[in-house]
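Notes follow the structure.
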2 protein chains.
Amino acid sequence: MSRKTFQRLALDERRQSLMEATLTCVARHGLDGTTVRRITEEAGVTPGLVRHYFGSKDELIKNAYAYLIGQLTARASESADTDEDELPAAQQLRQFLLGNLTSPNLSEDKVSLWATFIGQIRHDPFFAEIHREGYREFLEFLERLVEGVLIDHGLPHRGPQCRRHAIAINGLIDGLWMEGSLNSGLYNRALLPGLAIEATERLLGLPTRALGTAGLAPHATAPQLQEEDAKCAMPE
Amino acid sequence: MSRKTFQRLALDERRQSLMEATLTCVARHGLDGTTVRRITEEAGVTPGLVRHYFGSKDELIKNAYAYLIGQLTARASESADTDEDELPAAQQLRQFLLGNLTSPNLSEDKVSLWATFIGQIRHDPFFAEIHREGYREFLEFLERLVEGVLIDHGLPHRGPQCRRHAIAINGLIDGLWMEGSLNSGLYNRALLPGLAIEATERLLGLPTRALGTAGLAPHATAPQLQEEDAKCAMPE
DNA sequence: CTCACTGTTATACGCACGAATAATATATGG
DNA sequence: CCATATATTATTCGTGCGTATAACAGTGAG
């Protein structure tokens with residue numbers, strides 16, 4: 001029997017590939033069901049590498065979680081900053097909402113991973129810390145967007161008020177993101193972006209359409225709701 | 001060495017005690033880390049009983065999940081129906097919000113359990129079905145409350161509109177429930193009920209205070225915010 | 001071209017797990 | 001008060017896990 005041929009990879013590539021394989025496994029099989037053997041098989045290597053790069057399975061999983069949260073929050077903020085960074089505040093907030101409630105962040109895999117790890121927060125401070133940090137970043141980013149919008153509309157924007165609004169909108173996003181990603185089939189996911197935008201306008205006391213039309217494109221009026229699975233669409 | 005003495009329990013008592021021990025273990029140690037040996041130790045019996053009552057560990061865990069969801073949704077609906085059932089709709093909605101954002105439903109254990117099991121939805125249709133059912137029940141209950149409130153205030157209350165409102169408020173509740181239960185220390189949990197009530201008024205387009213004061217007691221004006229851990233309170 | 005380095009594989013070990021089986025204690029009906 | 005049923009315990013078994021160790025192979029330096 002001949003030995004397996006292999007390629008030497010740069011340290012970071014290998015680490016990243018192992019973390020991604022880990023996330024794939026957790027999403028596919030849950031934390032139980034995620035074994036070193038399965039992870040390394042997914043990554044196309046042998047189990048020894050986990051020890052070599054991360055010391056232990058636990059350490060690998062923790063790193064994978066931090067990696068996931070980094071991806072999620074980065075993607076969320078980018079969606080608001082993406083264009084040559086002086087969009088009006090309302091447009092930024094709109095993009096932020098859209099970014100969180102459309103693919104790729106609105107994904108069954110992502111929410112499944114996220115939930116699985118949330119379940120670990122209770123018994124390992126490392127997970128708690130990563131979560132707390134990601135949440136804080138998310139909330140503060142949102143708070144700044146809210147402040148900008150309120151200022152533009154000449155509405156009261158003292159600190160505590162912005163914070164309260166940010167907490168509420170953050171809750172709204174999280175909740176819609178979760179239920180939308182899990183997609184129980186009770187309504188069409190494509191409704192979520194418009195729904196979130198409208199709800200946010202109301203929460204902030206903005207005039208209707210202040211954050212743009214209910215359609216997906218920033219300046220289009222024609223609602224082009226493309227969606228891969230349009231099953232179980234809600235009427236209206 | 002003498003054999004362990006034991007008590008014969010009625011079938012349902014034993015089943016329930018095993019399911020509760022399972023939930024305790026999952027909350028404390030995660031799904032991995034929840035072993036038959038630990039569950040039965042927690043319940044004060046020996047591992048054989050799992051086989052006897054549930055056939056397998058998997059089956060026990062599934063039953064425990066269904067049991068948990070039953071508790072959560074029951075408690076949520078009860079909080080609105082509790083009094084001799086003809087409270088005005090606004091008060092019912094208010095109680096519903098409060099019920100979901102105060103103890104015992106607002107609990108780190110509960111959200112930890114909930115998240116852990118959400119992570120299973122993806123790979124086992126049983127969990128998906130239980131979740132879907134619980135979510136549907138929650139959403140429809142909320143939709144009826146919303147409809148009642150809109151009617152009382154003479155606002156438009158066609159079906160799709162109520163549904164949209166219910167989806168948004170449900171998202172808000174879920175998101176606040178999660179983040180509040182995890183309590184990242186970024187704000188005081190005691191703020192959540194008032195925040196949710198105010199946000200709901202805005203989402204539905206109700207006049208301020210239509211759902212009652214920001215305090216906890218239904219008819220009191222003095223805000224009596226008792227909270228066990230008032231650490232990290234937010235200013236204002 | 002060769003050597004040393006180390007990323008990578010192959011193999012082995014001990015342990016804890018879920019499940020199965022056999023033995024025993026409790027409850028119940030006559 | 002005994003006979004029977006069965007809830008419960010005690011013990012065993014096979015398996016798959018995480019990890020440790022040793023052998024090997026790809027890589028770059030001189």
Side-chain angles (χ1 to χ4, degrees), chain A residues 1-26 28-65 116 120 123-124 126-127, chain B residues 1-26 28-65 116 120 123-124 126-127:
Chain A
M1 186 64 186
S2 77
R3 205 178 169 89
K4 181 177 175 186
T5 66
F6 61 89
Q7 212 185 350
R8 282 171 106 99
L9 240 55
L11 186 141
D12 283 346
E13 289 178 72
R14 184 95 315 152
R15 283 179 61 90
Q16 183 173 337
S17 121
L18 281 169
M19 291 188 292
E20 277 167 1
T22 302
L23 295 180
T24 302
C25 277
V26 174
R28 204 175 293 164
H29 305 108
L31 253 185
D32 58 325
T34 292
T35 68
V36 170
R37 286 166 172 85
R38 256 213 267 251
I39 293 171
T40 52
E41 183 188 8
E42 174 73 27
V45 295
T46 50
L49 280 200
V50 167
R51 177 175 165 77
H52 191 269
Y53 281 100
F54 295 91
S56 74
K57 179 198 180 188
D58 266 9
E59 216 55 37
L60 166 57
I61 289 183
K62 287 178 183 174
N63 278 273
Y65 176 54
T116 300
Q120 297 296 306
H123 15 28
D124 189 325
F126 178 88
F127 289 96
Chain B
M1 188 67 185
S2 78
R3 204 181 170 89
K4 182 178 175 184
T5 65
F6 62 89
Q7 210 185 352
R8 283 169 106 101
L9 241 56
L11 187 138
D12 283 346
E13 289 179 72
R14 184 100 305 157
R15 283 179 62 91
Q16 183 173 337
S17 120
L18 281 170
M19 290 189 293
E20 279 167 359
T22 303
L23 295 181
T24 301
C25 278
V26 174
R28 204 175 293 164
H29 309 288
L31 253 185
D32 58 324
T34 293
T35 67
V36 170
R37 285 167 172 86
R38 257 213 267 252
I39 294 171
T40 52
E41 184 188 7
E42 173 72 27
V45 296
T46 49
L49 280 200
V50 167
R51 177 176 165 78
H52 191 267
Y53 280 101
F54 295 90
S56 74
K57 179 197 179 188
D58 266 9
E59 217 55 37
L60 166 56
I61 288 182
K62 287 179 183 174
N63 278 273
Y65 176 54
T116 299
Q120 298 295 306
H123 15 16
D124 190 324
F126 178 87
F127 288 95

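Chain letters run A, B, ... following the sequence lines, proteins first, then strands; residues in each count from 1.
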Rounded to whole Å, the CZ-P distance (R14(A) to dG26(D)) equals 13 Å
When rounded to whole Å, the OH to C1' distance for the pair Y53(A) and dG7(C) reads 6 Å
Hits for side-chain hydrogen bond (donor to acceptor under 3.5 Å, both in side chains) against E59(A), two or more places apart or cross-chain, chain-then-number order -> none
In whole angstroms, the gap separating C1' of dC17(C) from NE2 of H29(B) amounts to 15 Å
Whole-Å distance, E41(B) CD to dC17(C) C1', equals 15 Å
Taken to the nearest whole Å, CG/D58(A) to P/dT19(D) is 7 Å
Exercise. Establish, with yes or no, whether the OP1 or OP2 oxygen of dG7(C) is under 4.0 angstrom from a side-chain nitrogen or oxygen of H52(A).
Key: yes
Taken to the nearest whole Å, CG/L18(A) to P/dG7(C) is 13 Å
Applying salt bridge (Lys or Arg N to Asp or Glu O under 4.0 Å) to D58(B) and not counting sequence neighbours gives none
Check: C25(B) main-chain N/O paired with R38(B) side-chain donor or acceptor under 3.5 Å: no
Atom CG of L49(B) and atom P of dT6(D) are separated, to the nearest Å, by 16 Å
Sorted by chain and number, sequence neighbours left out, salt bridge (Lys or Arg N to Asp or Glu O under 4.0 Å) with D124(A) holds for K62(A)
Identify all pairs in which a protein N or O lies below 3.5 Å from an N or O of nucleotides 13-18 of chain D, and state each distance.
{"residue": "dG18(D)", "atom": "OP1", "partner": "K57(A)", "partner atom": "NZ", "Å": "2.5"}
{"residue": "dG18(D)", "atom": "OP2", "partner": "V36(A)", "partner atom": "N", "Å": "2.8"}
{"residue": "dG18(D)", "atom": "N7", "partner": "R37(A)", "partner atom": "NH1", "Å": "2.7"}
{"residue": "dG18(D)", "atom": "O6", "partner": "R37(A)", "partner atom": "NH2", "Å": "2.9"}

From CD of E59(B) across to P of dG18(C) the rounded distance in Å is 15 Å
Residues at least two apart in sequence or cross-chain that pass side-chain contact (heavy atoms from CB on, under 4.5 Å) with V50(A), listed by chain then number, are V36(A), T40(A), L60(A)
Taken in chain and number order and not counting sequence neighbours, the residues that satisfy salt bridge (Lys or Arg N to Asp or Glu O under 4.0 Å) with E42(A) are R28(A)
